[in-house]
K.L.:
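Please see the structure below; I have some questions.
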Amino acid sequence: MSEILIRGAGVVVTMDGARRELAGADVLIRDGRIAGVGPALLALGAEEVLADGCVVTPGLVNTHHHLFQTLTRAVPGGQDALLFGWLRTLYPIWARMGPEEMRVSALTGLAELALSGCTMSSDHLYLFPNGARLEDTIDAAREIGLRFHPTRGAMSIGESAGGLPPDSLVEKEGAILKDCLRLIDAFHDPRPGAMLRIGVAPCSPFSVSRDLMREAALLARDKGVMLHTHLAENDEDVAWSQAHFGCRPGQYAEDLGWTGADVWHAHCVKLDAAEIGLFAASRTGVAHCPCSNCRLGSGIAPVRQMRDRGVKVALGVDGSASNDAGNLIGEARMAMLLQRVQNGANAMSAREMLEIATLGGAQVLGRDDCGAIEPGKRADLAIWDVSGLEAAGAWDPVAALLLSGPMRVRHLFVEGRQVVRDGQITTIDLPRVIEAQNRLARALAG
């Protein structure tokens, strides 16, 4: 039996049912779970981690990413484009990637997430050029040590058939569904405490057929896994839906079985009031990606309105070709500020946004075993040092996490395993990964 005692935290932000914040508290981790929270806990023989001057939060949860895009940050030609033009610039570059690019870019992206306080991440991999497979990213997540929810994405309608992606990046729909089944049977773990769960994720309304969307939903529900896709990302996206399907994106999703507690959609910037009501009634989740939405000029998602109607909202960094960073605490700050820009200075508090970034993400991914610091939950914890420069002079250390910083964790635990210690990744040789990442990026650019 292994035990770790996090001792004497300045504040423990529990995200429990009462949203308690405990000053001067300890957290006891036993065999990957939270065993106790409170002052002066006794744990003879436990490894101690001192947390004075620190805020302890549940690990942040990233609900939308394209890890392969970490190799294509700040690409000329796509830096100032809207969504469709940006995609047309990047598709030919991504078509030259392969298994090594997928794995190394995933290592880089997951390390960046971990250093920003993230303990659980989804990933949406929707293209598989040159022998790439979902296993490339799964192997990277296992090496880093983050809890991982990869989704088997796909594109099936290429340019010759009226879709957006080039024909070289699309797949036959039968092969897509067959590989989804293979991956679920090989890797999906439905048990509490699972480190790996598989989702099914046709890419978007403009790159797959209605038949694939419908069949994917049936397959996922038969296998008991979750569904994910992009929806209503910008005005172009909505116009495509109206022109090709004769309806708005929310109705398109509803008609094809893509609403429900087992579904979460990325972006949803352009949902209208009726679509927000539909998502609230059906318990459909939303992955809000504010930095990417800013970068691509897509708009500000109606997060305040969604929250007020009861929609489950979480955060996603989106791909690093459109963010271009993968810092999840930075994403939370941006999300909070944008809601204030749109709705007023009192529209979104730091604490509400911290809840969205932690418990909200766990709820959207269907993880009632994560997202809070209370006995029985999984030991996914971020420890933030608020004694340094960024928070110097802060009167409220919890709010300071989003209002001033720090933007990088001191320690990070996933399932009770320390993934970040003193601001450094413990599980991989990060300088070697960065070297490989830059070598591969130079090769793609050349």
Side-chain angles (χ1 to χ4, degrees), residues 64-69 71-72 75 77-78 81-102 105-106 122-137 150-184 198-220 227-234 236-237 239-241 243-245 249 252-253 256-258 265-267 296 318-319 321-322 444:
H64 186 65
H65 208 328
H66 307 294
L67 286 166
F68 72 92
Q69 294 182 13
L71 270 173
T72 51
V75 171
L82 296 176
L83 174 64
F84 283 14
W86 170 82
L87 282 169
R88 288 189 175 102
T89 297
L90 272 298
Y91 280 142
I93 299 172
W94 296 335
R96 301 201 302 272
M97 295 174 68
E100 184 184 13
E101 286 83 359
M102 294 295 180
S105 62
S122 67
D123 184 42
H124 189 185
L125 181 55
Y126 54 81
L127 46 82
F128 299 88
N130 306 310
R133 301 195 301 168
L134 197 65
E135 284 91 331
D136 302 322
T137 58
T151 60
R152 205 297 184 182
M155 298 189 292
S156 65
I157 304 294
E159 286 178 309
S160 64
L164 195 69
D167 290 348
S168 63
L169 285 177
V170 303
E171 301 174 86
K172 299 291 186 182
E173 295 188 353
I176 292 166
L177 295 171
K178 183 178 179 180
D179 198 49
C180 288
L181 284 170
R182 179 188 70 81
L183 289 162
I184 294 166
I198 304 297
V200 176
C203 183
S204 61
F206 49 81
S207 61
V208 300
S209 72
R210 286 193 190 199
D211 286 343
L212 181 61
M213 292 291 286
R214 195 177 288 111
E215 290 299 317
L218 292 171
L219 182 155
L227 288 158
H228 183 52
T229 193
H230 299 88
L231 200 77
E233 185 169 351
N234 72 352
E236 291 176 299
D237 196 347
W240 180 283
S241 181
H244 289 79
F245 310 128
Y252 168 87
L256 298 177
W258 276 75
H265 294 286
H267 301 297
L296 296 175
D318 203 7
S322 68
L444 284 173

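What you see below is based on every heavy atom in this structure, not just the backbone, and it leaves out hydrogens, waters and symmetry mates.
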K.L.:
So which pairs with a foot in residues 122-133 pass salt bridge (Lys or Arg N to Asp or Glu O under 4.0 Å), sequence neighbours left out?
P.N.:
Arg133-Glu135
K.L.:
Is the closest side-chain donor-acceptor distance between Glu173 and Ser209 under 3.5 Å?
P.N.:
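Per modelled atom types, Glu173 and Ser209 side chains form a pair under 3.5 Å.
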K.L.:
Would Leu177 and Val200 count as a side-chain contact (heavy atoms from CB on, under 4.5 Å) here? Give the steps.
P.N.:
CA-CA 9 Å; Leu177 295 171; Val200 176; 5.9 Å; no
K.L.:
List the residues meeting side chain to side chain donor-acceptor pair (under 3.5 Å) with Thr89, not counting sequence neighbours, and say none if there are none.
P.N.:
none
K.L.:
Does the side chain of Glu233 come within less than 4.5 Å of Phe206's, by heavy atoms?
P.N.:
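They are not in side-chain contact.
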K.L.:
With rounding to the nearest 0.5 angstrom, report the CG to SG distance, Leu87 to Cys203.
P.N.:
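Rounded to the nearest 0.5 Å, the CG-SG separation comes out at 7.5 Å.
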K.L.:
Hey, can you pull the donor-acceptor pairs under 3.5 Å for the side chains in residues 159-170, sequence neighbours left out?
P.N.:
residue: Ser160; atom: OG; partner: Asp167; partner atom: OD1; Å: 3.3
residue: Ser160; atom: OG; partner: Asp167; partner atom: OD2; Å: 2.8
residue: Asp167; atom: OD1; partner: Glu159; partner atom: N; Å: 3.0
residue: Asp167; atom: OD1; partner: Ser160; partner atom: N; Å: 3.2

K.L.:
For residues Ala81 and Gly77, report the shortest heavy-atom separation together with the two atoms involved.
P.N.:
CB-O, 4.4 Å
K.L.:
Would a 4.5 Å heavy-atom cut-off, applied to side chains only, mark Leu127 and Met102 as touching?
P.N.:
yes
K.L.:
Considering only heavy atoms from C-beta outward, does the side chain of Leu296 approach that of Phe84 to under 4.5 Å?
P.N.:
no
K.L.:
Just wondering, do Tyr126 and Trp94 contact through their side chains at under 4.5 Å, heavy atoms?
P.N.:
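Result yes, sub-4.5 Å side-chain heavy-atom pair found.
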K.L.:
In the structure I gave you, are the side-chain heavy atoms of Met97 and Asn130 within less than 4.5 Å of one another anywhere?
P.N.:
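Sidechains of Asn130 and Met97: no contact.
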K.L.:
Which residues pass the side chain to side chain contact (heavy atoms under 4.5 Å, CB included) test with Thr151, not counting sequence neighbours?
P.N.:
His124, Ala201, His228, Trp264
K.L.:
Closest approach of Leu212 and Ile176, non-hydrogen atoms and distance?
P.N.:
CD2-CD1, 4.0 Å
K.L.:
Which pair of heavy atoms, one from Pro249 and one from Ser241, lies closest together, and at what distance?
P.N.:
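Heavy atoms of Pro249 and Ser241 come nearest at N-OG, 3.6 Å.
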K.L.:
Can you name the ring pair (Phe, Tyr, Trp, His ring centres under 6.0 Å) partners of His267, sequence neighbours left out?
P.N.:
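His267 satisfies ring pair (Phe, Tyr, Trp, His ring centres under 6.0 Å) with His64, His230 once adjacent residues are dropped.
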K.L.:
Treating Gln69 as the side-chain partner and His66 as the backbone partner, does any N or O pair qualify as donor plus acceptor under 3.5 Å?
P.N.:
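It does not hold such a pair.
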K.L.:
Write down the atom of Ile198, the atom of Leu183, and the distance for their closest heavy-atom approach.
P.N.:
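Smallest interatomic distance, heavy atoms only, reads CG1-O, 3.9 Å.
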K.L.:
Working to the nearest 0.5 angstrom, can you tell me the gap between Glu100 CD and Asp136 CG?
P.N.:
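Interatomic distance, Glu100 CD to Asp136 CG, rounded to 0.5 Å: 10.0 Å.
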K.L.:
Taking C-beta and beyond as the side chain, do Val75 and Leu90 meet within less than 4.5 Å on heavy atoms?
P.N.:
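Yes, side chains in contact.
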K.L.:
Just jot down the side chain to side chain contact (heavy atoms under 4.5 Å, CB included) partners of Thr229, sequence neighbours excluded, or say none.
P.N.:
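Checked Thr229 against side chain to side chain contact (heavy atoms under 4.5 Å, CB included); matches are Met213, Trp258, His265.
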K.L.:
How would you list, by chain and number, every residue that makes a side chain to side chain donor-acceptor pair (under 3.5 Å) with Ser122, sequence neighbours excluded?
P.N.:
none
K.L.:
Taking side chain to side chain donor-acceptor pair (under 3.5 Å) as the definition, give me every residue that meets it alongside Asn234, ordered by chain and number, with sequence neighbours left out.
P.N.:
Glu236
K.L.:
Kindly write out the residues that satisfy side chain to side chain contact (heavy atoms under 4.5 Å, CB included) with Leu181, not counting sequence neighbours, or none if the list is empty.
P.N.:
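With neighbours one apart ignored, the set is Leu219, Lys223.
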K.L.:
Which residues satisfy the ring pair (Phe, Tyr, Trp, His ring centres under 6.0 Å) test with Phe128, sequence neighbours excluded?
P.N.:
none
K.L.:
Quick one: salt bridge (Lys or Arg N to Asp or Glu O under 4.0 Å) pairs with a partner in residues 199-219, sequence neighbours left out?
P.N.:
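Passing the test, one end in residues 199-219: Asp211-Arg214.
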K.L.:
Among all residues two or more places apart in sequence or in another chain, which pass the side chain to side chain donor-acceptor pair (under 3.5 Å) test with Ser322?
P.N.:
Ser292, Asp318
K.L.:
Could you pull out the closest heavy-atom pair between Ala154 and Val208, with the gap in Å?
P.N.:
O-CG1, 3.4 Å
K.L.:
What pair of heavy atoms forms the shortest contact from Leu71 to Ser105, and how long is it?
P.N.:
CG-CB, 3.9 Å
K.L.:
Is it the case that the side chain of Trp240 and the backbone of Phe245 share a donor-acceptor pair, with hydrogens and angles ignored and the cut-off at 3.5 Å?
P.N.:
no
